[in-house]
Trainee: 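This is the structure I have questions about; it appears just below.
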Amino acid sequence: VAAAPASGGATQDVARTSTEPADRDHDGLSDHAELGATAVRQPTLAPLTTALARRTTRPVRLLFLGSSTTYGVGASSPSSRYVDQVVSTLQRVFPSVADENGPVRDLQRSTDRPDSTPGVQGINGGVGGSTAATYFTDSHEYGVGVVQPSCVVHMIGSNDAVARVPVPAFRDHVAAVIRRIDAASDRPPCHLLLQPVRRVGVDRETWRTYGAALQQVAQARARVTFVDVGAEFEAHDALGADPDQLIGPDDVHLTDAGHALLAATLLRSLGLTRRGLGTGTDPRRVDTDRDGIPDKRELRSHVVLLRLV
């Protein structure tokens, strides 16, 4: 994962004792309380954990990019797709005020009619057959500007390896997509770079170099996390005897069991919990939403209101 960004705190913050919690904006809320344990442990996830902490008042949109597996090929129903399973799990773990969270929608529909309902939302921007050079188009870029995702999941590399795209070109394409997404975002999201399941005919050493390229991209940037979801399939011998029937008869796409394992592997690697969330406020600002009410006072008023209700 990428290293934590520099704190940028004032000189007197550096001199704090080890027992005194850091409070960069001096608002009476410690940085740990505002960020939450998950973001303190894994700073690259901060945009997502912050959005999840605010989920009762605004949408938390996750945009999934990639090729046919992201689109859902191989799954017997939309609910069986890995994307939908990740989103439904997050909706269950992080409920909002809405009676029921909506299903995953495709990027075109989400762009045409953005859903302003608070809570976790999934948006599928997968395009079958795409490579690192083609999985993010001008239409995707426009969509990002409209939906403003809190987190973007990139699962790419399978078709590149089969087509023998040079690894440096693959790496540069992915890095360029991240830059385009950040430039189109009012608040740059976190990025998850997933190394997919290795394809039949691609040897392990070649596949390792593509994973290393994704790791390089993640290590060079804040807010970027690398997750090797394909390693779990290697552990299950999915490209060999495949005892759990994770790969379909075409030797390319995942079965329902494969989609389920992929979703579970990603969720486990992120380790997102309600207890790990912070206040959803910015530890660098006394008044995160700039409404004239300091964060600490606003949070206390919110708690009092909840108790009265």
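Remember, it's a predicted structure, so these values are computed and weren't measured experimentally.
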Trainee: What verdict does the side-chain contact (heavy atoms from CB on, under 4.5 Å) test give for L272 and F94, after you've listed the backbone C-alpha separation in whole Å, the side-chain angles of each residue and the deciding distance to 0.1 Å?
Mentor: CA-CA 9 Å; L272 297 170; F94 302 99; 3.9 Å; yes

Trainee: Would a single hydrophobic cluster contain both L254 and L267, if residues Ile, Leu, Val, Met, Phe, Trp and Tyr are joined by side-chain heavy-atom contacts under 4.5 Å?
Mentor: yes

Trainee: Would you say W207 and V167 are hydrophobically clustered, going by side-chain heavy atoms of ILVMFWY under 4.5 Å?
Mentor: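 Yes; V167 is reachable from W207 via cluster members.
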
Trainee: Say you draw a straight line from CG of L52 to OG of S150; how long is it, rounded to the nearest 0.5 Å?
Mentor: 7.5 Å

Trainee: Do I156 and V202 sit in one hydrophobic cluster, given that two such residues count as connected whenever their side-chain heavy atoms are within less than 4.5 Å of each other, even indirectly?
Mentor: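 Looking at the clustering, V202 is in the same group as I156.
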
Trainee: Mind checking whether P47 and R187 have side chains closer than 4.5 Å, heavy atoms only?
Mentor: no

Trainee: Taking the side chain as every heavy atom from C-beta outward, state whether P149 and F64 have any atom pair closer than 4.5 Å.
Mentor: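 Not in contact.
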
Trainee: Does the Q108 side chain pair with the main chain of G125, one donor and one acceptor, at a distance under 3.5 Å?
Mentor: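 Looks like no, no N/O pair under 3.5 Å.
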
Trainee: Nearest 0.5 Å, what's the CG-OG1 distance between L194 and T225?
Mentor: 10.0 Å

Trainee: So, the side chain of T255 versus the backbone of L246: is there a donor-acceptor pair under 3.5 Å, distance only?
Mentor: yes

Trainee: Dump the intermediate steps for side-chain contact (heavy atoms from CB on, under 4.5 Å) on V177 and Y135, then the final yes or no.
Mentor: CA-CA 9 Å; V177 169; Y135 81 108; 3.5 Å; yes

Trainee: Evaluate whether atom CD of Q245 has more than 12 neighbouring non-hydrogen atoms of other residues, nucleotides or ligands under 6.0 angstrom away.
Mentor: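 Atom CD in Q245 is not packed in, count stays at 12 or less.
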
Trainee: I'd like to know if the side chain of T50 reaches the main chain of A46, judged simply by a donor and an acceptor atom lying under 3.5 Å from each other, with no hydrogens or angles considered.
Mentor: yes

Trainee: Within this structure, what is the CZ-OG1 distance for the pair F226 and T44, rounded to the nearest 0.5 Å?
Mentor: 13.0 Å

Trainee: Locate the shortest heavy-atom distance separating T117 from Q121; write the atom from each residue and the value.
Mentor: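 Residues T117 and Q121, closest heavy atoms: O-NE2, 3.0 Å.
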
Trainee: Minimum heavy-atom separation for A133 to H173, with atom names?
Mentor: CB-NE2, 3.7 Å

Trainee: Has the side chain of Q195 got a donor or acceptor atom that lies under 3.5 Å from a matching backbone atom of A212?
Mentor: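 Side chain of Q195 to backbone of A212, a donor-acceptor pair under 3.5 Å: no, none is there.
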
Trainee: Can you tell me which residue pairs pass the side-chain hydrogen bond (donor to acceptor under 3.5 Å, both in side chains) test with a partner in residues 256-272, sequence neighbours excluded?
Mentor: S76-D256

Trainee: Among the clusters formed by ILVMFWY side chains lying less than 4.5 Å apart, do L107 and V73 turn up in the same one?
Mentor: no

Trainee: Strictly distance-based, threshold 3.5 Å: is any side-chain N or O of R54 a donor or acceptor partner for the main-chain N or O of R58?
Mentor: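 Checking the backbone N and O of R58 against the side chain of R54, no donor-acceptor pair under 3.5 Å is found.
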
Trainee: Quick one, D84 and P103 - any side-chain contact, counting heavy atoms below 4.5 Å?
Mentor: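 No, too far: nothing below the 4.5 Å cut-off.
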
Trainee: Counting C-beta onward and ignoring hydrogens, is there a side-chain heavy-atom pair between T69 and L262 closer than 4.5 Å?
Mentor: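 The answer is yes, as the side chains (C-beta and beyond) meet within the 4.5 Å cut-off.
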
Trainee: Are V146 and P114 packed together at the side-chain level, in the sense that at least one heavy-atom pair is separated by less than 4.5 angstrom?
Mentor: yes

Trainee: Is it true that a side-chain atom of R105 and a backbone atom of R113 form a donor plus acceptor pair closer than 3.5 Å?
Mentor: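 The answer is yes, because a donor-acceptor pair under 3.5 Å joins these two groups.
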
Trainee: To the nearest 0.5 Å, what is the distance between CG on L261 and NE2 on H236?
Mentor: 5.0 Å

Trainee: A51 and V60: which non-hydrogen atoms are nearest, and at how many Å?
Mentor: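 What the structure gives for the nearest pair is O-CG2, 3.2 Å.
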
Trainee: If you compare all heavy atoms of R41 against all heavy atoms of G271, which two are closest, and at what distance to 0.1 Å?
Mentor: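 Scanning both residues completely, I find the closest heavy atoms to be NH2-O, 3.7 Å.
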
Trainee: Dump the intermediate steps for side-chain contact (heavy atoms from CB on, under 4.5 Å) on Y71 and V127, then the final yes or no.
Mentor: CA-CA 6 Å; Y71 183 77; V127 180; over 6 Å; no

Trainee: If you take all heavy atoms of P118 and S96, which pair is closest and at what distance?
Mentor: O-OG, 3.2 Å

Trainee: Under a 4.5 Å cut-off applied to non-hydrogen side-chain atoms, are L65 and T70 in contact?
Mentor: no

Trainee: Output, in order, the C-alpha distance, side-chain angles, deciding distance and verdict of side-chain contact (heavy atoms from CB on, under 4.5 Å) for R55 and L90.
Mentor: CA-CA 11 Å; R55 68 191 182 281; L90 292 178; over 6 Å; no

Trainee: Nearest 0.5 Å, what's the CZ-CG distance between F233 and D228?
Mentor: 11.0 Å

Trainee: Give, for atom CG of N124 and atom CG of L62, the distance between the pair rounded to the nearest 0.5 Å.
Mentor: 11.5 Å

Trainee: Parallel, tilted or perpendicular, judged at 30° and 60°: which one describes the rings of H191 and H154?
Mentor: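 Because their plane-to-plane angle lies in the 30° to 60° range, the rings of H191 and H154 count as tilted.
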
Trainee: Would you say D251's side chain and V200's backbone share a donor-acceptor pair under 3.5 angstrom?
Mentor: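 No; judged by distance alone, with no hydrogens or angles, the pair does not exist.
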
Trainee: Should L266 and L192 count as side-chain neighbours, where that means a heavy-atom distance under 4.5 Å?
Mentor: yes

Trainee: Does V162 belong to the same Ile/Leu/Val/Met/Phe/Trp/Tyr cluster as F170, with side-chain heavy atoms less than 4.5 Å apart forming each link?
Mentor: yes

Trainee: Can you sort out the partners of S80 under side chain to side chain donor-acceptor pair (under 3.5 Å), two or more places apart, ordered by chain and number?
Mentor: S77

Trainee: Salt-bridge test for R223 and D182: reply yes if a basic N is under 4.0 Å from a carboxylate O, no otherwise.
Mentor: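 Between D182 and R223 there is a salt bridge, with a charged N closer than 4.0 Å to a carboxylate O.
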
Trainee: Please determine whether salt bridge (charged side-chain N to carboxylate O under 4.0 Å, His left out) holds for the pair D115 and R109, giving the CA-CA distance in whole Å, both sets of side-chain angles, and the decisive distance to 0.1 Å.
Mentor: CA-CA 10 Å; D115 183 359; R109 183 176 300 179; over 6 Å; no

Trainee: Please give me the minimum heavy-atom distance between S110 and V147, naming the atom from each residue.
Mentor: O-CG1, 3.8 Å

Trainee: Output yes when R199 and D160 qualify as a salt bridge under the 4.0 Å nitrogen-oxygen rule, no when they do not.
Mentor: no

